[in-house]
Number of protein chains: 2
Amino acid sequence: MASRTIENYLKQIYLSRPADEAQWLTMGKLSAAVGVTPGTATSMVRAISDAHLVEYEPRAGVRLTPAGEQLALHVLRRHRLIELLLVQVLGLDWSEVHEDAEELEHVVSDRLLMKIDEILQHPAFDPHGDPIPTAGGVIRRQDCCTLLDCPLGEPTSIARILDQSAEFLQYVNQCGLLPGAEIRVANRNHQAQTVELMAIKSGENQVVAMSFSVAEKFLVQLNEQKK
Amino acid sequence: MASRTIENYLKQIYLSRPADEAQWLTMGKLSAAVGVTPGTATSMVRAISDAHLVEYEPRAGVRLTPAGEQLALHVLRRHRLIELLLVQVLGLDWSEVHEDAEELEHVVSDRLLMKIDEILQHPAFDPHGDPIPTAGGVIRRQDCCTLLDCPLGEPTSIARILDQSAEFLQYVNQCGLLPGAEIRVANRNHQAQTVELMAIKSGENQVVAMSFSVAEKFLVQLNEQKK
DNA sequence: TAATTAACTTTGTCTTATCAAAGTCAATTG
DNA sequence: CAATTGACTTTGATAAGACAAAGTTAATTA
């Protein structure tokens with residue numbers, strides 16, 4: 001069985017993998033993501049590679065094998081189901097469940113996970129809008145764009161928040177930009193590096209402005225047309 | 001912060017402590033309870049003693065300090081609240097929650113524990129009838145006797161099951177002897193080393209017989225008189 | 001192309017937690 | 001009171017996971 005440390009490395013390798021499938025994840029990025037020194041990451045990755053969970057190419061980086069990806073997705077499934085449980089059943093605020101889930105994801109048994117999945121009625125997304133892999137290790141790809149590259153003026157909805165820190169999520173709360181919120185991007189100001197948008201909050205329109213770097217943390221979906 | 005290993009040692013020292021307060025817990029019993037070799041227990045106890053969580057007297061044994069007892073009770077509180085949560089909210093069977101709780105007790109944050117306590121409405125007992133220490137580290141003493149030394153013929157109730165193994169609890173299920181069940185001890189046969197009792201199960205009386213060694217695992221309380 | 005630099009790897013050491021096996025103590029037995 | 005026995009402790013070794021610092025590579029700059 002993979003130790004909690006190995007589970008963590010695999011999860012971070014999955015989450016930090018570069019968009020281009022052919023690319024390797026560099027050791028620098030991995031060590032930063034896991035929170036260890038580069039030397040530690042190198043030696044751990046060597047060990048994980050001996051277990052055929054990753055491919056490792058010195059000075060190039062690391063990449064999950066199919067077996068490693070399955071394990072990573074399983075950890076992610078646990079993490080996201082737990083987050084949803086903490087919010088929906090135990091009533092914790094969505095801004096504060098990440099840390100707890102980070103620990104719980106390594107100790108929840110398959111039996112318990114099945115029960116959680118059942119109680120939540122086999123949910124597809126966690127409170128942050130992140131997709132929950134199936135028990136079989138399949139993850140649905142969302143076709144989303146960020147607030148930086150979605151069309152202007154059209155009615156869209158917040159689908160997913162990419163920054164899980166408590167402070168950021170509390171800011172998101174205040175703006176009313178939770179997953180599901182209906183919005184419209186009014187304008188992008190390239191000089192000021194800001195995005196301006198309208199949040200449609202219980203009938204009232206609220207104007208929100210944020211920098212490009214913050215806008216990147218929101219994934220949105222075009223609203224489906226009503227026929 | 002105490003590591004999960006230290007938490008486990010403290011919990012076992014608490015649970016295995018001899019009935020007589022003045023006695024020390026021997027290292028043999030502790031090492032068996034924790035599931036390590038005696039040498040390992042000795043060196044861990046030395047370390048825990050350096051942290052002033054236990055007193056250790058070579059060749060005599062080990063005993064919790066007030067600080068160590070508080071920590072042990074806190075772990076026990078987590079364990080028992082989690083067990084109740086798994087049964088009442090997640091719908092697991094009471095016979096199978098012990099293992100999960102054994103892991104979860106070391107990772108549940110204070111914040112999460114408070115929520116669990118709230119949702120369960122500050123319960124006093126876990127599914128096995130074990131008392132749950134308060135957040136302040138106070139544990140109510142039950143005045144119970146076992147099926148071996150309770151009075152014969154009088155109406156009593158099962159208060160607590162001391163063996164938490166899944167197989168045993170499944171047997172308890174079958175006999176209908178869950179905590180709260182009303183019973184009456186009919187007879188003790190010292191030659192056969194058996195106890196015979198009546199379980200009052202939904203109006204019908206059911207006769208159950210068990211050996212002295214099994215009878216010891218049930219704690220019972222005299223039923224309160226209705227005025 | 002040589003020098004510099006940033007990123008990565010190696011090496012040696014540390015901590016925690018464990019076991020096996022050898023050593024010690026003290027209580028019982030003869 | 002010596003010998004035996006069982007319980008406990010000590011010692012030495014191991015594995016996992018980490019860091020610091022020294023050593024490599026390879027890309028960039030001059």
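A note on names: the letters A, B, ... follow the listed sequences, proteins ahead of strands, and every chain is numbered from 1.
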Between [N] ([atom2]) and [X] ([atom1]): distance, integer Å:
X: N8(B); N: dT16(C); atom1: CG; atom2: C1'; result: 15 Å
X: I6(B); N: dT15(C); atom1: CD1; atom2: C1'; result: 12 Å
X: D50(B); N: dA17(C); atom1: CG; atom2: C1'; result: 15 Å

Check whether any side-chain nitrogen or oxygen of [X] sits under 4.0 Å from OP1 or OP2 of [N], and answer yes or no.
X: Y56(A); N: dC8(C); answer: no
X: T5(B); N: dA17(C); answer: yes
X: T42(A); N: dT9(C); answer: yes

Assuming nearest nucleotide by heavy-atom distance, tell me which of G39(A) and R4(A) is located more 5' along DNA chain D. R4(A)
Pick the closest DNA chain D nucleotide for M44(A) and for S43(B) by heavy atoms, then say which residue is nearer the 5' end. S43(B)
For chain A and DNA chain D, what are the first and last nucleotides along the strand, 5' to 3', with at least one atom under 4.0 angstrom from a heavy atom of the protein chain? dG17(D) to dT25(D)
Neighbour count above 12 (heavy atom, 6.0 Å) for H52(B) NE2: no
Can you establish whether the number of heavy atoms outside K29(A) located under 6.0 Å from its atom NZ is more than 12? no
Pick one: which of R80(A), R77(A), K11(A) meets salt bridge (charged side-chain N to carboxylate O under 4.0 Å, His left out) with E105(A)? K11(A)
Any side-chain donor-acceptor pair under 3.5 Å between S95(A) and Q170(A)? yes
Partners of T40(B) by side chain to side chain contact (heavy atoms under 4.5 Å, CB included), sequence neighbours excluded? Y9(B), V36(B), T37(B)
Nucleotide of dT18(C), dT24(C), dT10(C) approaching V36(B) most closely (side-chain heavy atoms): dT18(C)
The correct set of residues in residues 22-35 of chain B placing a heavy atom under 4.0 Å from DNA chain D is T26(B), M27(B), G28(B)
Start with the C-alpha gap between R63(A) and E69(A), add the side-chain angles, then the distance that decides, and say whether salt bridge (Lys or Arg N to Asp or Glu O under 4.0 Å) holds. CA-CA 9 Å; R63(A) 191 198 277 165; E69(A) 179 165 315; over 6 Å; no
Kindly assign one of parallel, tilted or perpendicular to the pair H98(A) and H128(A), based on the angle between their ring planes and the thresholds 30° and 60°. perpendicular
